[in-house]
Amino acid sequence: MPELPEVETTRQGIAPHCEGQTVRKVIVRNPSLRWPVPGDLPALLEGQVIRAVERRAKYLFLHFDTGSAIVHLGMSGSLRVITDDTPAMTHDHVELVLGNHRSLRFNDPRRFGCWLWTTEWRHHPLISALGPEPLSEAFNGAWLFRLSRNKQAPVKSFIMDNHVVVGVGNIYANEALFKAGIHPKRKAGRISLDRYHKLAEAIRETLSAAILMGGTTLRDFVNSDGKPGYFAQSLLVYGKAGLPCTGCGTRLKEIRMNNRSTVYCPRCQR
DNA sequence: AAGGATTCCTGTTGGC
DNA sequence: TGCCAACAGGAATCCT
């Protein structure tokens with residue numbers, strides 16, 4: 001499940017092969033993604049040079065002179081650069097044939113991902129209201145504290161809200177709350193500045209460690225080079241319900257919050 | 001208006 | 001062993 005580290009790993013993997021390359025041909029095999037792939041996407045991209053591959057939150061942008069393609073990997077999407085004679089696989093929904101005998105292939109079994117076009121990517125409705133990047137200076141405990149005042153929502157929902165901070169999906173929310181010793185159901189507005197400093201640091205640590213290790217890799221996610229990431233091995237609570245807490249030995253508890261698996265230590269997290 | 005519930009989808013898993 | 005329901009989750013959107 002691509003979370004921010006996986007998306008950044010993907011960007012780093014494809015950028016060297018894409019930047020400066022001309023798009024020779026665009027093949028849309030299945031336009032039924034989260035939103036329909038624009039019918040004029042081939043006409044918009046063909047003949048143009050990919051100037052840069054950028055990431056913002058979990059969105060990737062292919063920047064061209066006339067605008068940008070917005071790509072989201074959704075739940076099960078992946079982008080790979082391969083030689084252009086490699087046979088298409090099932091769920092290879094979008095392909096950009098490049099000028100270096102390579103192709104950029106978008107594969108997405110569950111089709112929660114998207115390919116969109118924008119001429120003003122910073123002002124695109126999906127992008128403009130996003131919160132700060134978790135590894136940027138703008139994201140810190142003071143920011144979390146200020147935004148959370150009077151909020152009744154549980155802190156786990158709060159940090160997974162893209163208006164608060166981007167890139168914190170279910171797995172990393174569980175991990176960060178454990179590291180910070182905060183109970184996932186605690187009301188966001190009832191947490192001190194001190195504890196938010198700790199939480200911001202935990203989010204930062206969790207995500208940067210995962211980026212270094214190449215992403216979490218659960219089930220069907222593979223990096224752009226086709227190799228799995230190794231972060232899954234260092235998960236402390238996610239997927240470990242019933243196992244002893246690494247801090248105190250208490251059995252980790254699992255509950256459902258907003259229909260999402262939530263694992264925590266009932267003793268260490270308050 | 002905030003916050004919870006629903007929705008999209010298919011490969012994998014678990015129970016009988 | 002085989003089949004099928006349950007589950008997984010990003011995030012927009014709908015609903016209360």
Side-chain angles (χ1 to χ4, degrees), chain A residues 1-11 29-37 55-61 70-79 89-94 106-116 118 124-134 144 146-177 184-191 203 206-207 210 215-222 228-229 231-232 235 237-242 254-263:
Chain A
M1 319 308 167
E3 297 210 42
L4 186 140
E6 287 88 338
V7 179
E8 176 60 21
T9 300
T10 295
R11 189 197 69 76
R29 297 189 178 83
N30 186 349
S32 302
L33 303 183
R34 170 96 203 246
W35 297 282
V37 178
R55 180 191 62 76
R56 171 77 172 97
K58 294 178 187 172
Y59 295 92
L60 288 169
F61 303 92
I70 305 177
V71 181
H72 198 288
L73 302 181
M75 290 293 310
S76 58
S78 61
L79 283 171
M89 310 218 317
T90 150
H91 306 307
D92 276 350
H93 304 312
V94 180
F106 174 79
N107 185 285
D108 185 7
R110 296 178 208 181
R111 290 189 278 122
F112 281 15
C114 70
W115 275 72
L116 299 172
T118 179
H124 191 279
L126 290 174
I127 308 301
S128 60
L130 291 172
E133 290 286 324
L144 287 178
R146 182 154 64 80
L147 248 69
S148 63
R149 291 310 86 185
N150 301 319
K151 286 268 193 289
Q152 302 300 307
V155 62
K156 186 180 178 225
S157 307
F158 177 68
I159 60 171
M160 289 179 70
D161 181 344
N162 278 339
H163 299 99
V164 175
V165 56
V166 302
V168 182
N170 192 47
I171 297 172
Y172 299 125
N174 279 302
E175 295 298 308
L177 287 167
K185 289 185 80 168
R186 176 168 288 278
K187 285 180 168 54
R190 301 281 306 270
I191 294 172
I203 290 172
T206 305
L207 289 171
T216 303
T217 297
L218 293 173
R219 301 209 171 84
D220 43 10
F221 179 79
V222 290
F231 188 71
L235 293 175
V237 291
Y238 182 83
K240 299 196 179 300
E254 176 161 15
I255 56 173
R256 311 279 311 168
M257 285 183 61
N258 302 83
N259 210 27
R260 292 289 177 262
S261 171
T262 304
V263 187

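Owing to the predicted nature of the structure, the values given are computational and were not obtained by experimental measurement. In the text below, chain A, chain B and the rest are named by the order of the sequence lines, each starting its count at 1.
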Please state whether the phosphate of [N], meaning OP1 or OP2, lies under 4.0 angstrom from any side-chain nitrogen or oxygen of [X].
| X | N | answer |
| --- | --- | --- |
| A:Lys151 | B:dA2 | no |
| A:His91 | B:dG11 | yes |
| A:Arg110 | B:dT12 | no |
| A:Tyr59 | C:dA12 | yes |
| A:His72 | C:dA11 | yes |

Heavy-atom side-chain contact between A:Arg186 and A:Leu177 under 4.5 Å
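A:Arg186 does not reach A:Leu177 side chain to side chain.
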
Can you establish whether the number of heavy atoms outside A:Arg29 located under 6.0 Å from its atom CZ is more than 12?
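Atom CZ in A:Arg29 is packed in, count exceeds 12.
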
Net bend of the helix from B:dA2-C:dT16 to B:dC16-C:dG2, end axes of five pairs each, nearest 10 degrees
60°

Using a cut-off of 4.0 Å on non-hydrogen atoms, how would the nucleic acid contact of A:Phe158 be classed: base, sugar-phosphate, or nothing?
nothing

Would you indicate what A:Asn162 reaches in the nucleic acid, counting non-hydrogen atoms under 4.0 angstrom: base, sugar-phosphate, or nothing?
sugar-phosphate

Compare every heavy atom of [Y] with every heavy atom of [X], then report the nearest pair and how far apart it is.
| X | Y | value |
| --- | --- | --- |
| A:Glu175 | A:Thr206 | CB-CG2, 3.9 Å |
| A:Thr90 | A:Asn107 | O-ND2, 2.9 Å |
| A:Thr262 | A:Asn174 | CA-OD1, 3.4 Å |

Given atom [atom1] of [X] and atom [atom2] of [N], what is their separation to the nearest angstrom?
| X | N | atom1 | atom2 | answer |
| --- | --- | --- | --- | --- |
| A:Lys156 | B:dG4 | NZ | C1' | 14 Å |
| A:Asp108 | C:dA8 | CG | P | 19 Å |
| A:Arg256 | C:dA6 | CZ | C1' | 10 Å |
| A:Met160 | C:dA8 | CE | C1' | 13 Å |
| A:Asn259 | C:dG9 | CG | C1' | 9 Å |
| A:Trp35 | B:dC9 | CH2 | C1' | 14 Å |
| A:Asp161 | B:dG4 | CG | P | 11 Å |
| A:Asn258 | C:dC15 | CG | P | 18 Å |

Comparing nearest nucleotides in DNA chain B, the 5'-proximal residue of the pair A:Thr90, A:Arg34 is A:Arg34

Quick one: on DNA chain B, does A:Pro154 or A:Arg111 contact a more 5' nucleotide (nearest heavy atom)?
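The residue whose closest nucleotide sits nearer the 5' end is A:Pro154.
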
Looking only at N and O atoms, is any donor in the side chain of A:Arg260 or the base of C:dA8 less than 3.5 Å from an acceptor on the other one?
no

Are the ring of A:Phe112 and the six-membered base ring of C:dA11 within the stacking cut-offs of under 5.5 Å and under 30°?
no

I need the A:Trp35 CH2 to A:Arg111 CZ distance, nearest 0.5 Å.
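One finds 15.0 Å between CH2 of A:Trp35 and CZ of A:Arg111.
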
Any chance you could measure A:Phe158, atom CZ, to A:Gln152, atom CD, to the nearest 0.5 Å?
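Atom-to-atom, A:Phe158:CZ and A:Gln152:CD are 12.5 Å apart.
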
Can a salt bridge be assigned to the pair A:Arg56 and A:Glu133 using a cut-off of 4.0 Å between side-chain N and carboxylate O?
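Yes, this pair counts.
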
